[in-house]
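Working notes for the structure below.
Just so it is clear, the values below take in all heavy atoms, side chains as well, and ignore hydrogens, waters and symmetry mates. Note that the structure is predicted; figures quoted are calculated from it, not measured.
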Amino acid sequence: MKDTIKMVISHFFIITVCVMTTIGLCNIFLPGFHGYDRFFPLHMLFIGASTALPSFLFYFRKEPTRGQFLLRVVLHFFCIITVVLGEGYFLKWFESIAEMAVVTAIVLLVYLTVWIITRLSSSKVEQGINEALKNFNGDGGKE
């Protein structure tokens, strides 16, 4: 559970930075993309927190099967898209289907970016653990 809590906190920071970056780029490159009010940074922190919480779906007591893991990935994505579109609706981030589609595309881009960053980070940790185990077992990685 401790690792899952660390992952959720990490996701909060990654999500918040990715969303802020993506919104900033949209403001620069998409004509007609509207600016945001002074509460926007707080909204982003709220979005970061509320979309990091569904990461607890990836807490497993036992190693999941591939199907169980993929099901949770799909549920996780739909939880996030529901939260963001719901909050976006109430905060008036979009007024049309086209604007909602842009927000959805941003969510997908951020979701994929967070997934890639998390996977790369996990891979690096796994490699470090494997190296440490090889050294601990005395073979030093030699075959």
Side-chain angles (χ1 to χ4, degrees), residues 1-30 32-34 36-37 39-143:
M1 181 59 120
K2 184 176 162 184
D3 290 335
T4 304
I5 292 171
K6 285 181 184 179
M7 179 185 65
V8 169
I9 292 169
S10 173
H11 280 184
F12 165 73
F13 288 111
I14 294 169
I15 290 165
T16 302
V17 168
C18 287
V19 168
M20 296 294 282
T21 302
T22 304
I23 296 296
L25 291 172
C26 286
N27 280 330
I28 292 169
F29 295 111
L30 292 178
F33 200 81
H34 55 82
Y36 294 94
D37 66 20
F39 293 106
F40 183 71
L42 294 175
H43 294 164
M44 290 301 95
L45 291 173
F46 182 68
I47 287 290
S50 61
T51 54
L53 291 175
S55 295
F56 280 110
L57 283 169
F58 294 112
Y59 173 71
F60 295 94
R61 288 185 188 262
K62 296 186 287 185
E63 189 69 26
T65 65
R66 183 170 173 78
Q68 290 170 330
F69 182 77
L70 290 176
L71 176 63
R72 292 213 189 170
V73 169
V74 171
L75 288 173
H76 183 252
F77 178 76
F78 282 108
C79 282
I80 287 175
I81 199 74
T82 301
V83 166
V84 172
L85 291 179
E87 290 174 5
Y89 175 78
F90 289 111
L91 295 172
K92 300 190 182 346
W93 290 348
F94 47 84
E95 296 172 356
S96 68
I97 297 294
E99 289 176 342
M100 188 173 80
V102 170
V103 171
T104 301
I106 290 170
V107 170
L108 183 59
L109 177 67
V110 169
Y111 190 84
L112 292 173
T113 303
V114 170
W115 188 260
I116 290 167
I117 291 170
T118 301
R119 187 66 197 126
L120 290 174
S121 175
S122 296
S123 178
K124 194 173 183 180
V125 169
E126 289 169 8
Q127 288 173 352
I129 290 171
N130 286 336
E131 273 303 310
L133 284 172
K134 286 179 186 177
N135 290 332
F136 180 76
N137 288 331
D139 61 5
K142 299 174 187 170
E143 299 200 22

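Residues that satisfy the ring-ring contact (aromatic ring centres under 6.0 Å, His included) test with Phe77, not counting sequence neighbours, are Tyr111. For Val83, the side chain to side chain contact (heavy atoms under 4.5 Å, CB included) criterion is met by Ser50, Thr51, Glu87, not counting sequence neighbours.
When the options Ile117, Ile116, Val110 are evaluated for a side chain to side chain contact (heavy atoms under 4.5 Å, CB included) with Thr113, the one that passes is Ile117. For the side chain to side chain contact (heavy atoms under 4.5 Å, CB included) test with Phe78, the passing option among Ile80, Val74, Leu75 is Val74; the others fail.
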